[in-house]
Structure formats: C-alpha cells, structure tokens
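Atom set for the values below is all heavy atoms of this structure, side chains included, hydrogens, waters and symmetry mates excluded. If you're wondering where the values come from, they're calculated on a predicted model, not measured in any experiment.
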Amino acid sequence: QLQLVESGGGAAQPGGSLRLSCAPSGGNLDDYIAAWFRQAPGKEREGVSAINSGGGSTMYADSVKGRFTISRDNAKSTVYLQMDSLQPEDTGVYYCAARFRLEPPFALPGDLRESRYNVWGQGTQVTVSQ
C-alpha cells in the first residue's frame, strides 16, 4: 500500500528558502496526482499546491503564487515543493497527499481540497521566524 514520507522541513528566516520532498514507501507516485497541504497552529489544513501525474500542470493557492514552486521527478518518484521568500505566515506542518490520476480530472478547485486525496504523509514542520 502506498505511503508517503515528507522531508526537508525545518527553520528559516523571513525571506529565506526551504525545499520539501515527498517520496513514496511501498509503491511509486508516477500514476498519482500529488499535492501539498499545510496546517498552521489553530487553523484548518489548507491546500498549497498540486501537480498532475505527468508534471505538466500545476496549481497554487493565491497566498503562495510567485513564491512556491511544485515539481516532480518521476524517475525518482519524488515530488518537491520549493519555497522561496518565506514569511512567518508560512509556518505550519506541511503534508504531502496523493490520489490516483484517473477521475476526476485534475482541476481547480477540487485538487486543492483535502477531500480529493486518499493517501497522506505524516507531515513535516516548517517554522519561519527571525
């Protein structure tokens, strides 16, 4: 059964960068749409970014557009989230999620909603502060 493992979280200063990775355990991600979600303290989990199985189509929450970049390397079966110009409000636990690429089609707003995904990682902490 496919499981996901996130890595790359940690501490950064405002304006800094981090890169998160999401790799599978017990399978591969090639046929899966993948996404990143985050949950700040005291807030609900929110969709950050998603990418289709081939890597040619992506989507972002308005709060991270122009600062975050999602990508994937299917040869390594890994999905990445490059986070630049980090701000304190980016602090939270970041989760990788995946769903099989077939119906429904990859599209907004569904693929930034938790309910669309059925495979989740355990999360990695990102803290942005001086």
Side-chain angles (χ1 to χ4, degrees):
Q1 182 175 346
L2 185 69
Q3 295 179 322
L4 302 176
V5 179
E6 302 97 337
S7 61
Q13 293 187 336
S17 298
L18 287 172
R19 188 176 81 156
L20 305 182
S21 299
C22 172
S25 173
N28 69 70
L29 280 176
D30 298 8
D31 287 326
Y32 285 77
I33 290 166
W36 288 95
F37 289 76
R38 67 185 181 189
Q39 187 166 22
K43 294 188 177 181
E44 293 187 351
R45 192 154 56 182
E46 63 173 350
V48 173
S49 184
I51 188 167
N52 70 342
S53 58
S57 185
T58 59
M59 57 180 69
Y60 297 92
D62 288 343
S63 58
V64 305
K65 276 181 185 175
R67 301 188 300 119
F68 290 11
T69 303
I70 192 170
S71 63
R72 66 192 302 158
D73 183 344
N74 282 346
K76 297 181 179 179
S77 200
T78 301
V79 175
Y80 303 98
L81 185 67
Q82 177 67 42
M83 305 186 294
D84 298 318
S85 301
L86 283 163
Q87 303 167 4
E89 49 266 39
D90 294 318
T91 294
V93 178
Y94 282 70
Y95 298 89
C96 180
R99 68 173 180 93
F100 194 63
R101 61 181 173 80
L102 296 181
E103 293 293 331
F106 182 68
L108 278 168
D111 276 298
L112 287 182
R113 292 178 177 163
E114 286 189 68
S115 58
R116 191 62 67 89
Y117 296 89
N118 58 354
V119 184
W120 290 84
Q122 293 298 307
T124 185
Q125 176 70 43
V126 171
T127 303
V128 184
S129 64
Q130 289 285 3

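- Remark: the Asp31 side chain and the Ser53 side chain contain no N/O donor-acceptor pair separated by less than 3.5 Å.
- Note on Leu102 and Tyr117: separate hydrophobic clusters, where clusters join Ile, Leu, Val, Met, Phe, Trp and Tyr whose side-chain heavy atoms are under 4.5 Å apart, directly or indirectly.
- How far OG1 of Thr78 is from CG of Leu20: 12.5 Å, rounded to the nearest 0.5 Å.
- With values rounded to the nearest 0.5 angstrom, Arg19 atom CZ is found 11.5 Å from Met83 atom CE.
- Within the 3.5 Å criterion, the main-chain N or O of Ala35 finds no donor-acceptor partner in the side chain of Arg99.
- Side-chain atoms of Thr91 come within 3.5 Å of backbone N or O of Val128 as a donor-acceptor pair.
- Closest non-hydrogen pair, Gly92 versus Gln125, comes out as O-NE2, 3.4 Å.
- Between the side chain of Arg67 and the backbone N or O of Ser85 there is at least one donor-acceptor pair closer than 3.5 Å.
- Closest approach of Asn52 to Ile33, counting heavy atoms only: CA-CG1, 4.1 Å.
- A search for side-chain hydrogen bond (donor to acceptor under 3.5 Å, both in side chains) contacts involving Ser57 returns nothing, not counting sequence neighbours.
- Counting non-hydrogen atoms of other residues, nucleotides and ligands closer than 6.0 Å to CD of Glu89 gives a total above 12.
- Two residues are said to be in side-chain contact when any heavy atoms from C-beta on lie closer than 4.5 Å; Phe37 and Leu112 fail this criterion.
- Taking CD of Glu6 as the start and CH2 of Trp36 as the end, the distance is 5.5 Å to the nearest 0.5 Å.
- One finds the CD1 atom of Ile51 at 7.5 Å from the CZ atom of Phe106 (value rounded to the nearest 0.5 Å).
- Sorted by first and then second residue, the salt bridge (charged side-chain N to carboxylate O under 4.0 Å, His left out) pairs involving residues 54-64 (not counting sequence neighbours) are Asp62-Lys65.
- Judged by distance alone, with hydrogens and angles left aside, the side-chain atoms of Gln122 form no donor-acceptor pair with the main-chain N or O of Val5 at under 3.5 Å.
- Following chains of ILVMFWY side-chain contacts shorter than 4.5 Å, one can reach Leu86 starting from Leu81, so the two form part of one hydrophobic cluster.
- At least one side-chain heavy atom of Arg38 sits under 4.5 Å from a side-chain heavy atom of Asp90.
- Residues Leu4 and Val79 are not in side-chain contact: their nearest non-hydrogen atoms beyond the backbone lie 4.5 Å or more apart.
- Taking all atoms of both residues into account, the shortest heavy-atom contact from Val64 to Val48 is CG2-O, 3.6 Å.
- Identified under the ring-ring contact (aromatic ring centres under 6.0 Å, His included) test for residues 60-103, with sequence neighbours left out: Tyr32-Phe100.
- Across Asp84 and Ser17, no two heavy atoms sit closer than the pair OD1-OG, 2.7 Å.
- Side-chain atoms of Asn74 do not come within 3.5 Å of backbone N or O of Ser77 as any donor-acceptor pair.
- Between Gln87 atom CD and Ser129 atom OG the span is 13.5 Å, to the nearest 0.5 Å.
- In terms of heavy atoms, Gly123 sits closest to Val93 at CA-CG1, 3.8 Å.
- The closest donor-acceptor contact from the side chain of Gln82 to the backbone of Thr69 lies at 3.5 Å or more, if one exists at all.
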